[in-house]
Amino acid sequence: MGGSKKHVVTRTSPSLAIVEAHPHDNKAVVPIEAPIVSSYNDRIRPLLDTVDRLRNLNVMREGIQLPTIVVVGDQSSGKSSVLESLAGISLPRGQGICTRIWLEYSDKVVPTDEEHITEAICAATDVIAGSGKGVSDAPLTLHVKKAGVPDLTMVDLPGITRVPVNGQPENIYEQISSMIMKYIEPQESIILNVLSATVDFTTCESIRMSRQVDKTGERTLAVVTKADMAPEGLLQKVTADDVSIGLGYVCVRNRIGEESYEEARIQEELLFRTHPMLSLIDDDIVGVPVLAQKLMFIQATMISRCLPEIVRKINHKMETAVLELNKLPMVMASTGEALMALMDIIGSAKESLLRILVQGDFSEFPDDQNMHCTARLADMLSQFSDNLQAKPEDVTEFLMDEIKILDECKCVGLPNFIPRSAFLAILSQHVENIHVKPVEFIRKIWDYIEVVLSSVITKYSENFPQIQSAIKRAGRNLITKIKEQSVERVMEIVEMEKLTDYTCNPEYMTSWTQKTAEQQNFIHAVLYDAKKPEHFSLTGFGNVKISHLRKYHAHLLQQAFDMKMRITSYWRIVLRRIVDSLALYLQLSVKYLVNSQFQKEIVAEMVDPRAGGGVERMLEESPSVASKREKLKNSIKLLKESKDAVAAIVDQSSGYGDR
């Protein structure tokens with residue numbers, strides 16, 4: 001009554017196995033001929049079959065965990081013997097670690113039979129893991145289809161050992177621990193903790209690990225082996241439960257020597273019925289048949305509990321995959337289709353730039369403050385304004401620049417007139433001192449906009465990596481051209497302020513009038529005050545030094561003071577006018593970029609054959625997009641098959657776990 005199998009255990013190194021045991025469909029089951037005779041509830045079998053189908057579809061590679069019995073235990077705890085008893089077959093054993101890591105034998109299917117299963121497992125394991133004693137976490141699956149065996153799926157993990165044997169790496173404990181934690185951590189995992197009756201349960205490493213991920217023990221069932229070797233105190237151990245085994249204990253006697261499985265079960269039943277100490281243990285927690293029934297019930301209950309969430313995850317992941325697939329560009333067959341796709345990219349990028357650069361809508365990039373463009377542009381403009389209007393440090397003594405200019409601009413004429421050339425000369429000096437700042441500002445602005453433009457282009461051309469660099473290069477070229485034009489325009493704005501002195505702003509006359517009101521007192525303090533003060537308190541200037549001015553005539557001082565107040569009043573207006581002009585020009589340039597230049601310039605460069613034929617390159621789907629498309633199609637196919645597999649069972653299974 002044997003069937004096809006796959007498995008993973010090996011004699012030479014620890015390994016992990018998935019053991020899937022299925023009863024033969026034959027209804028006539030003779031108890032004396034079967035290792036374990038199992039009865040199946042009509043509600044349980046469909047659940048197990050459904051999860052088996054999901055497992056065979058490999059739905060776990062989509063990140064969907066399935067309910068699984070994970071077998072853990074310390075070295076030589078008897079895990080292999082327990083699996084043999086449940087599966088009714090001989091698993092290979094060896095020195096050191098009794099079972100190996102769960103290895104999946106690629107896509108190979110190796111047919112075997114009960115007589116040759118040990119050799120087949122060892123050969124497959126040697127091919128995959130080599131003949132050493134290291135560990136690997138690649139799975140190898142064994143399917144057992146046999147009359148009377150329990151319907152179970154189990155993952156057999158390597159026995160925990162702290163001391164490496166010959167040929168094993170020094171960090172064997174860390175490798176095995178990491179692997180065990182990986183498999184027992186998911187909430188869908190049922191932990192079958194194999195404990196030897198000969199040890200103190202509280203010192204078992206497998207107990208410590210399982211309690212790390214299952215503190216209350218609600219997912220942990222303990223099977224106690226070697227009951228015949230240490231019967232003393234076993235009843236107290238399994239009833240006191242000092243290690244929080246929420247699903248309880250099952251005590252078993254494994255096969256000894258050359259016993260057949262039938263003989264082993266008979267001897268087990270005899271042991272727990274007649275032994276003076278072991279016979280005191282309740283019948284409900286002794287024997288491999290009891291263990292098999294408990295595991296089937298626990299597994300079915302967990303499946304029933306998890307199935308609605310599994311269905312939800314399958315639906316969610318399939319919807320997500322379909323959306324991602326639909327977002328991928330269509331495979332284009334003509335230049336016309338490619339051109340339309342290019343126009344879609346540019347149109348979408350243009351709309352995005354309009355929202356973030358002009359309208360101040362940053363909902364597209366809520367978490368990236370650098371893409372909140374109107375706010376960042378306003379910040380940069382404000383910083384520029386503050387920097388431009390900051391009061392410079394005086395490098396010359398008060399009024400000396402004005403006196404020097406007036407002296408150079410003097411001419412034959414009435415002495416109480418200020419030469420206009422002198423005012424323009426001092427104004428030109430002021431402009432020259434700040435002319436670099438507006439240019440630096442406008443360069444900084446366009447550098448920032450270039451980063452924004454690149455981010456937007458990257459987002460909307462991500463499905464066309466074959467032309468993405470070309471579009472970004474076209475964007476950079478456009479910004480470079482605009483930046484050069486903007487620098488020229490800003491230099492013109494600054495140069496205009498040198499050429500003439502004009503404003504219709506009434507603030508100039510108001511400010512000048514207020515400031516010149518202090519002229520008489522200032523001249524008196526410089527030339528006529530008997531105390532000859534060193535400083536004079538002047539509104540807007542603070543305490544200014546005046547002792548160096550006493551050597552100049554009164555009319556020159558009056559002219560210098562008047563020109564100082566004029567240039568001070570006028571310069572504030574000039575600086576604000578520069579800021580205003582740049583702000584208005586910036587707004588106009590950005591709108592012009594978005595509404596006109598962007599689309600026209602990018603399209604022109606992309607269709608230009610001299611630029612490399614960007615449109616034609618769109619006909620060639622990039623390897624990364626092609627790979628992503630294929631991966632999404634495969635995922636959707638797998639998830640659809642998984643959805644179909646669970647559809648019929650969901651309603652039937654609801655409520656089973658509560659019974």
Side-chain angles (χ1 to χ4, degrees), residues 376-409 418-451 478-505 507-509 511-512 515 540-541 544 559-593:
R376 299 295 78 78
L377 291 173
D379 289 342
M380 286 188 276
L381 183 65
S382 178
Q383 292 169 6
F384 166 68
S385 177
D386 293 342
N387 181 37
L388 189 67
Q389 297 183 70
K391 184 179 179 182
E393 294 184 7
D394 292 328
V395 294
T396 59
E397 294 177 302
F398 188 65
L399 291 188
M400 290 309 299
D401 285 339
E402 288 76 13
I403 289 173
K404 193 177 296 184
I405 292 292
L406 286 168
D407 188 52
E408 293 301 318
C409 292
I418 297 177
R420 185 165 181 266
S421 59
F423 185 84
L424 291 178
I426 201 74
L427 174 62
S428 180
Q429 277 187 1
H430 278 62
V431 173
E432 193 66 27
N433 289 338
I434 59 93
H435 80 283
V436 174
K437 292 182 178 180
V439 174
E440 290 177 341
F441 166 71
I442 205 67
R443 289 185 185 277
K444 180 181 177 182
I445 286 289
W446 286 111
D447 287 344
Y448 166 71
I449 293 176
E450 181 177 343
V451 173
L478 173 60
I479 294 297
T480 298
K481 181 161 50 174
I482 295 176
K483 187 192 298 184
E484 291 173 355
Q485 295 171 350
S486 297
V487 168
E488 291 178 3
R489 175 59 180 157
V490 168
M491 292 176 68
E492 288 178 355
I493 291 173
V494 174
E495 191 66 23
M496 285 190 298
E497 297 297 347
K498 287 184 181 181
L499 299 179
T500 186
D501 49 342
Y502 172 78
T503 182
C504 64
N505 190 336
E507 184 181 330
Y508 165 71
M509 288 302 298
S511 175
W512 174 74
K515 292 181 182 300
F541 296 92
V544 297
Q559 286 183 319
F561 186 91
D562 185 37
M563 190 161 70
K564 182 74 171 180
M565 300 307 122
R566 287 178 185 274
I567 195 67
T568 300
S569 300
Y570 182 62
W571 186 240
R572 291 179 60 191
I573 293 173
V574 169
L575 294 179
R576 291 174 181 173
R577 185 160 59 202
I578 291 175
V579 173
D580 290 346
S581 297
L582 263 63
L584 295 174
Y585 175 71
L586 174 62
Q587 290 287 86
L588 179 65
S589 300
V590 169
K591 286 186 178 180
Y592 187 45
L593 162 71

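Residues satisfying the salt bridge (Lys or Arg N to Asp or Glu O under 4.0 Å) test with Glu397, not counting sequence neighbours, are Lys545. Evaluation of the side chain to side chain donor-acceptor pair (under 3.5 Å) rule for Asp447 yields Lys483 as partners, not counting sequence neighbours. For Phe398, the ring pair (Phe, Tyr, Trp, His ring centres under 6.0 Å) test picks out Phe522, Phe541, with sequence neighbours left out.
Heavy-atom neighbours of Arg443 CZ from other residues, nucleotides or ligands within 6.0 Å: at or below the threshold of 12. Dense packing is recorded around CE of Met496, with more than 12 heavy atoms of other residues, nucleotides or ligands lying under 6.0 Å away.
Note: Glu497 CD to Leu575 CG = 9.0 Å, rounded to the nearest 0.5 Å. Within the model, atoms OH of Tyr508 and CZ of Arg566 stand 4.5 Å from one another, a figure rounded to the nearest 0.5 Å. Distance CH2/Trp571 to CD1/Ile434: 4.0 Å, rounded to 0.5 Å. To the nearest 0.5 Å, the span separating CG on Leu406 from CE on Met563 amounts to 4.0 Å. Atom OG1 in Thr480 sits 5.5 Å away from atom CD in Glu450 (nearest 0.5 Å). The OH atom of Tyr585 lies 6.5 Å from the CD1 atom of Ile442; values are rounded to the nearest 0.5 Å.
No donor-acceptor distance shorter than 3.5 angstrom exists from the side chain of Ser511 to the backbone of Glu507, with no hydrogens or angles considered. Listed for the Thr568 side chain is a donor-acceptor partner under 3.5 Å among the backbone atoms of Lys564. His430 places no side-chain N or O within donor-acceptor distance of the main-chain N or O of Leu427, the cut-off being under 3.5 Å. Side-chain atoms of Lys515 never come within 3.5 Å of backbone atoms of Ser569 as a donor-acceptor pair (strictly under, hydrogens ignored). Panel note: side chain Thr500, backbone Tyr502; no donor-acceptor pair is recorded below 3.5 Å. Although no hydrogens or angles enter the test, the distance criterion places no donor-acceptor pair under 3.5 Å between the side chain of Ser428 and the main chain of Leu424.
Closest approach of Ile405 and Ala422 over heavy atoms only: CG2-O, 3.4 Å. When every heavy atom of Ile578 is checked against every heavy atom of Phe384, the shortest pair comes out as CG2-CZ, 4.5 Å.
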Going through the checks in order, is the salt bridge (Lys or Arg N to Asp or Glu O under 4.0 Å) test met by Glu492 and Arg489? CA-CA 5 Å; Glu492 288 178 355; Arg489 175 59 180 157; 3.4 Å; yes
Take Ile573 and Arg576, measure what side-chain contact (heavy atoms from CB on, under 4.5 Å) needs, and give me the verdict at the end. CA-CA 5 Å; Ile573 293 173; Arg576 291 174 181 173; 5.8 Å; no
Derivation of the side-chain contact (heavy atoms from CB on, under 4.5 Å) call for Leu586 and Leu381: CA-CA 10 Å; Leu586 174 62; Leu381 183 65; 5.6 Å; no
So Thr503 and Arg577, side-chain contact (heavy atoms from CB on, under 4.5 Å) or not? Walk me through it. CA-CA 10 Å; Thr503 182; Arg577 185 160 59 202; 4.0 Å; yes
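When side chains are defined from C-beta on, Leu582 counts as touching Pro438, because their heavy atoms get closer than 4.5 Å. Counting only heavy atoms from C-beta outward, the side chains of Ile449 and Ile482 never approach each other to under 4.5 Å. Counting heavy atoms from C-beta outward, His435 and Glu495 have side chains that stay 4.5 Å or more apart. Side-chain contact check for Leu593 versus Trp446: some heavy-atom pair is nearer than 4.5 Å.
Between Arg376 and Asp379 there is a salt bridge, since a side-chain N of the basic residue sits under 4.0 Å from a carboxylate O of the acidic one.
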